[in-house]
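Indexing begins at 1, ligand by ligand and atom by atom, following the structure's order. Numbers for residues simply follow the sequence, beginning at 1. All values below come from the heavy atoms of this structure, side chains included, with hydrogens, waters and symmetry mates left out.
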Amino acid sequence: MTSDTAATPAASPSPIVATQGLTLRFGDGDAAVEVLRGIDLAIRPGESVALLGPSGSGKSSLMAVLAGLERASGGSVSVAGEDFAALDEDKLALARRGRIGIVLQAFHLLPTMTALENVAVPLELSGDAADATARARAELEAVGLGHRLDHYPAQLSGGEQQRVAIARATVARPALLFADEPTGNLDTATGAGVMDLLFARAAERGATLLVITHDPALATRCGRIVTLADGRIASDTGG
Ligand SMILES: Nc1ncnc2c1ncn2[C@@H]1O[C@H](COP(=O)(O)OP(=O)(O)OP(=O)(O)O)[C@@H](O)[C@H]1O
Ligand SMILES: [Mg+2]
């Protein structure tokens, strides 16, 4: 081991996320809303990127397209080597499975399931049932919740619920971790702890992290800041 932990990345690895001329429009004709107006973005594996911008600028919409939850109206979207536009719904679901983890502002845990079940179920649904419970337990221990496995969401604090949601997002070891205002429902101190955890888990797993935030201090913790305005990239510290 050397003390030099800032390893030089390999020369220009191919991007794990690449869009060109990406557009997103809701509705038709006079009622059409142009939400994304030509996004060119390339994110390299292992980068941590903050997505900033005013309310309504298209941050969540862009994340939804990159996560394969929303179809682009135009342009190209390639994620983890898959051309999303070319995939039908089934293939898109397969492409997302195990590759993309998502953490949202509202934790979206299933209220009738324990913490352990909330983390294990996505693995089971993806046909990875064999050791799903053991893996879910290990993931919850890694986020500091080994003592809360059998608690239901209503029995957990907001910060604990978000940590369960992080464990659920990372348990399948996705290459990409997307977080949309993950601290938006938490007080400052709890939110800082959740962000520490998200950064740590992404780094341990070598995952690429894209975080939407309104918090400039949080954004500066990311290696790169992309700012949207009115459906376009207004600035990009890594572009
Ligand atoms: N399903 C939809 N149909 C029509 N318009 C939509 C739809 N979803 C989003 N929009 C519009 O797209 C624009 C961008 O929304 P988006 O949620 O991406 O913004 P945002 O940057 O994430 O904002 P915030 O910071 O408030 O979360 C908004 O004007 C919104 O009203
Ligand atoms: Mg949003």
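- Side-chain contact between Ile100 and Phe178: present, with at least one pair of heavy atoms (C-beta onward) separated by less than 4.5 Å.
- The protein atom (non-hydrogen) at minimum distance from atom 11 (C) of ligand 1 is Val35 CG2, 3.8 Å.
- Taking 2.8 Å as the threshold, Ser60 counts as a candidate ligand of the Mg ion (ligand 2), since one of its N, O or S atoms lies below it.
- The shortest contact between atom 3 (N) of ligand 1 and any protein heavy atom is with Phe26 CG, 3.3 Å.
- Within the 4.0 Å heavy-atom shell around ligand 1 one does not find Met63.
- In this structure, a donor-acceptor pair under 3.5 Å is absent between the side chains of Ser61 and Glu70.
- Glu181 OE2, 3.6 Å is the protein heavy atom nearest to atom 27 (O) of ligand 1.
- Of the protein's non-hydrogen atoms, Lys59 NZ, 2.7 Å is the one closest to atom 25 (O) of ligand 1.
- With a 4.5 Å cut-off on side-chain heavy atoms, Val17 and Thr208 do not count as touching.
- Nearest-residue assignment for atom 13 (C) of ligand 1 (options Ala31, Pro54, Gly56; heavy-atom criterion): Gly56.
- The pair Arg201-Glu139 meets the salt-bridge criterion, since a charged nitrogen lies less than 4.0 angstrom from a carboxylate oxygen.
- Side-chain contact check for Arg168 versus Leu109: some heavy-atom pair is nearer than 4.5 Å.
- In this structure, Gly58 counts as a contact residue of ligand 1, since one of its heavy atoms falls inside 4.0 Å of the ligand.
- Atom 30 (C) of ligand 1 is not flagged as protein-proximal [any protein heavy atom, distance under 4.0 Å].
- Salt bridge status for Arg221 with Asp196: present, with a side-chain N to carboxylate O gap under 4.0 Å.
- Ser55 OG, 2.5 Å is the protein heavy atom nearest to atom 26 (O) of ligand 1.
- Within the 4.5 Å cutoff, no side-chain heavy atoms of Glu82 are placed close to those of Lys91.
- Considering Ala32, Ser61, Ser60, Ala229 only, the shortest heavy-atom separation from atom 15 (O) of ligand 1 involves Ser61.
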